[in-house]
Amino acid sequence: MSSLFNQSLVSASQLDQGLLSQIFTLASHYKRKVAEQGVLDILSDKLMASLFFEPSTRTRLSFESAMQRLGGRVIGFSDASTTSLAKGETLEDTIKMVMQYTDLIVMRHPQKGAAQRAVEVSSVPILNAGDGDGEHPTQACLDAYTIFEQKHSLQGLKVAFVGDLKFGRTVHSLCQILNQYNSELFFVSPKTLGMPEWILQKLDSSRYSQTESLEEVISEVDVLYMTRIQKERFKSEDEYKKYKGVYIINRDAITKMKSDSILMHPLPRVDEIDPEVDTDSRAMYFEQAKNGMYVRMALLTMVFGKA
Ligand code: NCD
């Protein structure tokens with residue numbers, strides 16, 4: 001795809017290097033513009049729906065603030081129990097309704113594939129803000145942008161993804177982006193929480209490896225991307241407890257990282273990163289969260305053809 005104009009974004013596989021470089025340039029532009037002007041007047045004729053069927057802090061607030069910083073308007077919900085879903089309405093019917101009211105729909109949903117289902121019935125673009133244990137492409141854009149800002153290129157980086165790679169949708173999306181830039185990927189997880197086959201199949205098999213040992217890779221990588229064990233996707237609390245706390249970065253562990261490497265996390269964190277390392281110059285997770293708004297401003301203007 002060479003343009004996002006009027007397009008839905010369901011998977012990071014839709015984003016090629018040309019689009020990513022446009023997103024990065026625009027995000028930097030909006031970072032400057034917001035600092036200068038606060039609110040811009042680019043999407044004042046547009047209304048966005050923000051449909052969150054699953055909890056969110058950063059993604060929802062950064063999408064909504066992105067739209068409002070562009071002068072656009074927002075409607076939506078963050079608690080699906082207050083909507084007709086509670087009366088048994090299908091996702092398809094909800095979308096067919098909301099598309100009559102708005103120009104674009106941002107949607108998070110607990111089921112993998114929900115964003116694609118929405119696309120199939122929608123006359124307006126759908127932006128996937130996380131579909132169960134599927135993908136989270138806009139998070140991957142802000143992660144890639146943060147890496148680009150810090151390392152000045154995505155080309156040939158060594159990147160370790162650590163934690164719950166089975167259920168973690170942010171890593172499913174980001175590794176597809178990095179795969180385009182000849183990165184060397186290390187998937188670090190307990191065997192049962194490894195990267196799923198449907199993602200591995202999309203990657204260049206000579207450029208990734210899988211291990212259970214963080215120790216093996218920590219001193220080698222340019223980017224260490226930690227993730228939360230996705231409690232809500234386990235069948236039982238006991239099952240979840242087996243994995244909780246399996247990988248932790250604290251003051252001791254961070255000393256093993258290269259001095260010019262970066263430590264990332266999509267947030268929320270549970271215990272994977274000890275707050276004692278937050279002040280380390282390699283810690284980039286709050287920077288990622290901040291970049292979320294600018295990257296989403298870039299995506300919104302591209303989809304509306306106003307970039
Ligand atoms: C992530 C998500 O929702 O997938 N959060 C986010 O959007 N920044 C990561 C997570 O919940 O662990």
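Below, all heavy atoms of this structure are taken into account, side chains as well, without hydrogens, waters or symmetry copies. Start at 1 and go down the list; that is how both ligands and their atoms are numbered.
Within 6.0 Å of CD on Q155 lie more than 12 heavy atoms contributed by other residues, nucleotides or ligands.
Taking the charged nitrogens against the carboxylate oxygens, R228 and E272 have no contact shorter than 4.0 Å, which rules out a salt bridge. Using a 4.0 Å cut-off between a side-chain N of Lys or Arg and a carboxylate O of Asp or Glu, D222 and K258 qualify as a salt bridge. A salt bridge between R60 and E64 is present, with a side-chain N of the basic residue lying under 4.0 Å from a carboxylate O of the acidic one. The existence of a salt bridge linking R169 and E232 is excluded, since no basic side-chain nitrogen approaches an acidic carboxylate oxygen closer than 4.0 Å.
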Between ligand 1 and the protein, which N/O pairs are shorter than 3.5 Å?
residue	atom	partner	partner atom	Å
ligand 1	3 (O)	R108	NH1	3.4
ligand 1	3 (O)	R108	NH2	3.1
ligand 1	3 (O)	R169	NH2	2.9
ligand 1	4 (O)	R169	NE	2.7
ligand 1	5 (N)	L267	O	3.0
ligand 1	7 (O)	T59	OG1	2.9
ligand 1	7 (O)	R108	NH2	3.1
ligand 1	7 (O)	H136	NE2	2.8
ligand 1	8 (N)	Q139	OE1	3.1
ligand 1	8 (N)	P266	O	3.0
ligand 1	8 (N)	L267	O	3.1
ligand 1	11 (O)	R228	NH2	2.8
ligand 1	12 (O)	R228	NE	2.8
ligand 1	12 (O)	R228	NH2	3.3
ligand 1	12 (O)	Q230	NE2	2.8

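Both V171 and L20 sit in one connected hydrophobic cluster of ILVMFWY residues. Membership requires side-chain heavy atoms under 4.5 Å apart, directly or through other members.
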